[in-house]
Amino acid sequence: MSNGVYNPFVNAQAQFDRVAEIIGLDQATRDLLRQPLREYHFLIPVKMDDGTTKVFRGFRVQHNDARGPAKGGIRFHPEETADTVRALAMWMTWKCAVVDIPLGGGKGGIICDPRNLSEKEQERLCRGWVRQIVRNLGPYLDVPAPDVMTSSKHMLWMLDEFETITGGHYPGFITGKPVGMGGSLGRTEATGYGVIYTVREALKDRGINIKDTTASIQGFGNVAQHAAKLFSQLGGTVIAVSCWDNVDKRAYTFRKKDGVDVDELRSITDVYGGITKDKARDLGYEVLDAMAWLEQDVDILIPAALENQITAENVNKISSQVKLIAEGANGPTTPDADEAIKHRRIFMIPDFLANAGGVTCSYFEQVQSNANYYWEKEEVLSKLDTKMTAAFHAVNDLAKRSSLYMRDAAYVIAINRVAQAVKMRGWV
Ligand code: GLU
């Protein structure tokens, strides 16, 4: 699960350029949208528990905010780079636009491995990140959220730091907060559930009963766990998940051919979505190679870990049984692998559509936080389902009507909306 040799920002720009050509976008709008509007790079000195000081590198990229405040998560990852954050910020702009919520795109990151940091060190790191960027964030400016290896706990430390500095209560400053502390019910489930809402619609559209389908999932963090849970609840069978083993410091695929028991597997999963192989073996799982998840004879593949996982080197290992790929992660497929998938006519639900449930629920959380009035879980999830279902069908209909690959159709809708916003504002 490394970033390999691929640069996700080059990938994101290539995807944009291709669709800009398809829709005949004018040069100024292309120049404005193919790179971030603003970006911040900074250092975060942190007092470690042993008395030493360690200096971390942090980022916040605001790709575009023509449709509303920039919105997007903060990742903690040892292999984070300015370019991964740039790509992810750009994908956030398209994600918010494709589900038609009034937000722009941003992303943050810190180069670190939280698995090797204590709670207190993580808290100081979160507070340090906010201190460096505080003037450029805010409920009506740029609103962060959780992402890879960050959770509600980190969001609350960040909120507390922001409120301490600004001297007021601004729960709409950040989303993904704990429920009862400004968080929204349903936010934890939202991204994974959203992936499955789109899978459900895609299967329905093809006349396939979800109860007859099997899936293999890469990752077992928040997105993958909730995708697996809802998919199983709807009657589908997850036969494999792949994730990190923090004892062996490598990933494995854990397989149970008659179906993974999601709750049982969650009971041996750490907070970062890691599972140690011995515990999985004790529960009767076969322990296979890290990338074995991709080679399973299943109907559906759900990459829900990191970017650049399905590549030119491994795309041919995808079984001929696979009918559908739903990208739970951001940027899991490299452009050359994407070409091969398009060629094989595997139905693709692209990342910024499939995983838009997280930010859609973040939008609901922000609305609730700004109003200081909180909704019931059923209301949140039903609004989420409505948004995701509508977005899926808008993209699917365009793809059919114009014979476009699903990723391109999603881009056409998203880029057109953002292009219209920058024009209406008089930026171009
Ligand atoms: N990090 C999530 C994403 O990539 C959610 C962002 C948000 O809620 O703002 O979509």
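Keep in mind that this is a model prediction, so the values were computed, not measured. Ligands are counted one by one from 1 in listed order, and the atoms in each one are counted from 1 as well.
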For Gln15 and Asn11, does a side-chain donor sit closer than 3.5 Å to a side-chain acceptor?
yes

Using a 4.0 Å heavy-atom cut-off, which part of Thr191 comes near ligand 1: side chain, backbone, both, or neither?
neither

Considering heavy atoms of the protein only, find what lies nearest to atom 5 (C) of ligand 1 and give residue, atom and distance to 0.1 Å.
Arg187 NH2, 3.5 Å

Quick one: which ligand 1 atoms are inside 4.0 Å of a heavy atom on Lys107?
1 (N), 3 (C), 4 (O)

Part of Ala356 within contact of ligand 1 (heavy atoms, under 4.0 Å):
neither

Using ring centroids (six-membered ring only for Trp), state whether Trp244 and Tyr272 fall under 6.0 Å.
no

May I ask you to decide if Val195's main-chain N or O and Thr198's side chain share a donor-acceptor pair within less than 3.5 Å?
yes

Thinking salt bridges, do Asp299 and Arg206 make one under a 4.0 Å N-O criterion?
no

Hey, which atoms in ligand 1 end up nearer than 4.0 Å to a heavy atom of Gly73?
1 (N), 6 (C)

Passing option when Asp142 is tested against Lys71, Arg38, Arg60 for salt bridge (Lys or Arg N to Asp or Glu O under 4.0 Å):
Arg60

Note the single closest protein heavy atom to atom 8 (O) of ligand 1, along with its residue, its atom name and the distance in Å.
Ser362 OG, 2.5 Å

Using distance alone, determine whether Lys95 and ligand 1 share an N or O pair under 3.5 Å.
yes

Provide, to 0.1 Å, the distance between atom 1 (N) of ligand 1 and the closest protein heavy atom, together with that atom's residue and name.
Asp147 OD2, 2.7 Å

Do the side chain of Lys107 and the main chain of Leu88 share a donor and acceptor less than 3.5 angstrom apart?
no

Electrostatic pair Lys279-Asp245, nearest N-O below 4.0 angstrom
no

Quick one: does Arg75 get within less than 4.0 Å of ligand 1, heavy atoms only?
no

Under 4.0 Å to a heavy atom of Ala145 - the qualifying atoms of ligand 1, by number
6 (C), 7 (C), 8 (O), 9 (O)

Enumerate the atoms of ligand 1 whose separation from the nearest heavy atom of Asn330 is less than 4.0 angstrom.
4 (O)

What do you reckon, does Pro146 have a nitrogen or oxygen under 3.5 Å from a nitrogen or oxygen of ligand 1?
yes

Only heavy atoms of Met92, strictly under 4.0 Å: list the atoms of ligand 1 that pass.
3 (C), 4 (O), 6 (C), 10 (O)

Looking only at protein heavy atoms, which one is nearest to atom 9 (O) of ligand 1, and what is the separation?
Lys71 NZ, 2.8 Å

What I want to check is whether the side chains of Thr269 and Gln225 have a donor and an acceptor closer together than 3.5 Å.
no

Within the 6.0 Å centroid threshold, strictly below: Trp129 and Phe56
no

